[in-house]
Amino acid sequence: MTKQVRVRFAPSPTGYLHVGGARTALFNWLFARKTGGKFILRIEDTDLARSTQESVDGLLRDLKWLNIDWDEGPEKGGDYGPYFQGERQEIYKKKALELVEAGLAYYCFCTDEELEAKKQIAEAEHKSLHYDGTCRNLSSDEVKRRLEAGEQGAIRLRVPDKDYFIDDIVRDRVEWKAGNVGDFIILRSNGMPVYNFAVTVDDALMKITHVIRAEEHLSNTLRQLIIYEAFGVEPPKFAHASLILGADKSKLSKRHGATSVGQYAEEGFLPEALVNFLALLGWNEGNDREIYTVPELIEAFSIERLTKAPGVFDKEKLLWLNGHHLRNMPPEKLVDLIRPVIQAALPEKPELLETEMLVKLLEQIQVRMTLVSDAADLAKAIYVSKEPEDEESINILEEAKKTPLFDSLIKHFETCEWNKDGYNTAIKESGKEAGVKGKNLYMPLRLKLTGEQHGSDLVGLLDLLGREEVLKRLKK
RNA sequence: GCCCCCAUCGUCUAGUGGCCUAGGACACAGCCCUUUCAAGGCUGCGACAUGGGUUCGAACCCCAUUGGGGGCGCCA
């Protein structure tokens, strides 16, 4: 029996979820859901200065918005906790000491100044910049004495002089020749673990089977391998996905525009669209498919088909996908998303917030929405009466006023049955009486009603506005 | 400087030696549909970084060059 898949997403809390992190989380999550494994969320809050409750909350909020749920982690617990690195300090210390006792790591009392000086000399002599091993062979008596004397010591790993490699699931074999790294620190003199040590200890203890992460961590893997080896633990499988780039092809950062999931949520993107987009940025099924629902993604996903080459974050395509998912959403569901938007846009018309009214509104505007937030302007264009300002529109209205069109419309609208057939007939009759048809009939009517040349279907518009409002606007 | 990764249309990508005069999608342009705008449909524009090999045959395999990216901390 193959062991159950256990994957993790291990962000450091910076207050929000970066889209790159979101994609990493998504890949892990999809893999777990696909294989029936566990998805673990672990917070790397070793850097306490940046790790506040708020920043953790922001992270969890964004993940939840994306509908990425975790099986173990914050708010959930689990058998392999704690899931905050900040609460695992004793574990790292204990594990580092184990290595010291086994002779695989050692205390180093070199000061920053000494190390800096050594580095400079090495540089000048064009030698390796690696740690020179000054404290490598201190006797245990001396170590004991210096520690008892109150000296602060860091713990360094004794790095074997040998080659290492991984068989990365997306990159195949990646090799490092011996001598790539010197004895590196695993536990700082203040007792805090170094990143590579903490992740490795955690991944090992949490029985992580697959490490799916971005390529920026590929180089770190070497040190992690050495640590796994020191502990005699078999490393997990690795899958290094490509990076997400900005338009200038450098790693996506804030200067490229919105990078946090929260920003996209606020802008009016749908989580299912962002998920669809992110999944396709660096992964594909091997066919031409572009549109996926979340269950379809779970079904189709495989880490073997992650892409090697980095990809540019193309907001245009995200926008298109969002429009697509929006149009495909059942109005009854979309209603809940646009209700707050409409409420904010038209606070003076609370009656519009009724589900029935919103569904009717969506019949008119849904096909023209790209973002959820578009509902605001589209609804205003309908419900807020206004005068056209551009010359062309004014001319069209002037021309119409030379005919009895508006008077006829008023007359017919006052008496016709207020339903689709009713006003269709009314419009046609009025057109006949005024001697206009086609564009010359519909355009002035639309302009008179909404002040705009373009917009939703006229018949639907009449229906939405109601007889009273229509007559009011025509008589104005 | 050293190490590692990557390289197909502007962008996301399909492609694993003959099916490729390189397919799809976004964007862009045109047309159609249509009372307008959207949406939708159709058409067009548009790429295998370069140079060497290997092979009967290379987008696909190998090497080099170039270009891009990432990593080299008592940061994560």
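Note that the structure is predicted; figures quoted are calculated from it, not measured. Note on naming: letters A, B, ... go to the chains in the order of the sequence lines (proteins, then strands), and numbering restarts at 1 for each one.
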Fill in: Geometric class of the A:Trp320/A:His324 ring pair [parallel <30°, tilted 30-60°, perpendicular >60°]
tilted

Practice prompt. Mind running a 4.0 Å heavy-atom check of residues 358-374 of chain A against RNA chain B and sending the residues that fall below it, in number order?
Written response: A:Val367, A:Arg368

Got a list of protein N/O to nucleotides 31-36 of chain B N/O distances below 3.5 Å?
from   : atom 1 : to       : atom 2 : distance (Å)
B:rU35 : O4     : A:Asp457 : OD1    : 3.0
B:rU36 : O2'    : A:His454 : ND1    : 2.1
B:rU36 : O2     : A:Gly455 : N      : 2.8
B:rU36 : O2     : A:Gly455 : O      : 3.0
B:rU36 : N3     : A:Arg446 : NH2    : 3.1
B:rU36 : N3     : A:Gly455 : O      : 2.7

Discussion item. With a cut-off of less than 4.0 Å, is there a side-chain N or O of A:Arg327 near OP1 or OP2 of B:rA38?
Written reply: no

Worksheet item: Salt bridge check: are A:Lys315 and A:Glu267 linked by an N-O gap of less than 4.0 Å?
Response: yes

Discussion item. Check A:Lys420 with A:Asp463, please: is the shortest side-chain N to carboxylate O separation under 4.0 Å?
Written reply: no

Response to the item:
In Watson-Crick or G-U wobble terms, with both distances under 3.5 Å, the base opposite B:rG18 is B:rC56

Worksheet item: Between B:rG70 and A:Arg213, is there an OP1 or OP2 to side-chain N/O distance shorter than 4.0 Å?
Response: no

Fill in: Ionic contact status for A:Glu215 with A:Lys308, cut-off 4.0 Å
no

Discussion item. Applying the Watson-Crick and G-U wobble criteria at under 3.5 Å, what pairs with B:rG1? Answer none if nothing qualifies.
Written reply: B:rC72

Please list, pair by pair, any protein nitrogen or oxygen found under 3.5 Å from a nitrogen or oxygen in nucleotides 4-10 of chain B.
from  : atom 1 : to       : atom 2 : distance (Å)
B:rC5 : O2'    : A:Arg171 : NH1    : 2.4

Worksheet item: Once the angle between the rings of A:Phe301 and A:Trp283 is folded into 0 to 90°, is it parallel (under 30°), tilted (30 to 60°) or perpendicular (over 60°)?
Response: tilted

Discussion item. Taking only the P atom of each, what is the distance from B:rC20 to B:rC63 in whole angstrom?
Written reply: 29 Å

Item to complete: Considering only atom P, compute the distance from B:rU16 to B:rU11 and round it to an integer number of Å.
Response: 23 Å

Item to complete: State plainly whether the residues A:Lys162 and A:Glu229 are in salt-bridge range, i.e. N to O under 4.0 Å.
Response: yes

Worksheet item: For A:Gly282, which contact category applies under a 4.0 Å heavy-atom criterion: base, sugar-phosphate, or nothing?
Response: sugar-phosphate

Response to the item:
When both distances are under 3.5 Å in a Watson-Crick or G-U wobble arrangement, the nucleotide paired with B:rG40 is B:rC32

Between the protein and nucleotides 42-48 of chain B, list every N/O to N/O distance that falls short of 3.5 Å.
none

Item to complete: Could you tell me whether A:Glu290 contacts a base, only the sugar-phosphate backbone, or nothing, with contacts defined as non-hydrogen atoms closer than 4.0 Å?
Response: base

Worksheet item: With distance as the sole criterion, do the side chain of A:Asn328 and the base of B:rA39 form a donor-acceptor contact below 3.5 Å?
Response: no

Worksheet item: Centre of A:Phe238's six-membered ring, under 6.0 Å away, within 45 degrees of the axis: is that where NZ or CZ of A:Arg213 sits?
Response: no

Discussion item. Please confirm whether the shortest side-chain N or O distance from A:Asn284 to OP1 or OP2 of B:rA14 is below 4.0 Å.
Written reply: yes

Worksheet entry | Qualifying residue, where the test is side-chain hydrogen bond (donor to acceptor under 3.5 Å, both in side chains) with A:Tyr195 and the options are A:Arg223, A:His217, A:Gln85 | A:His217

Response to the item:
By the Watson-Crick or G-U definition, both distances under 3.5 Å, B:rC26 is matched with B:rG10

Show me, pair by pair, the donor-acceptor contacts under 3.5 angstrom made by side chains of residues 185-194 of chain A, not counting sequence neighbours?
from     : atom 1 : to       : atom 2 : distance (Å)
A:Arg188 : NH1    : A:Pro193 : O      : 3.2
A:Asn190 : OD1    : A:Met192 : N      : 2.9

Worksheet item: Is it true that A:Arg42 and A:Asp202 make a salt bridge, defined as a side-chain N closer than 4.0 Å to a carboxylate O?
Response: yes

Item to complete: Name all pairs fulfilling the ring pair (Phe, Tyr, Trp, His ring centres under 6.0 Å) condition that reach into residues 164-193 of chain A, sequence neighbours left out, sorted by first residue then second.
Response: none

Practice prompt. Quick one: label A:Leu243 by what it contacts on the DNA or RNA (base, sugar-phosphate, nothing), any heavy atom closer than 4.0 Å.
Written response: sugar-phosphate

Worksheet item: Can A:Lys93 and A:Glu90 be counted as an ion pair, charged N to O under 4.0 angstrom?
Response: no

Item to complete: List the steps and the verdict of ring-ring contact (aromatic ring centres under 6.0 Å, His included) for A:Trp70 and A:Phe9.
Response: CA-CA 9 Å; A:Trp70 51 98; A:Phe9 175 54; 9.7 Å; no

Fill in: Aromatic contact, A:Tyr16 with A:Tyr264 (centres under 6.0 Å)
no

Worksheet item: What is the nucleic acid contact for A:Asn190, judged by heavy atoms within less than 4.0 Å: base, sugar-phosphate only, or nothing?
Response: nothing

Fill in: Spacing of the C1' atoms in B:rA25 and B:rC60 (rounded, Å)
23 Å

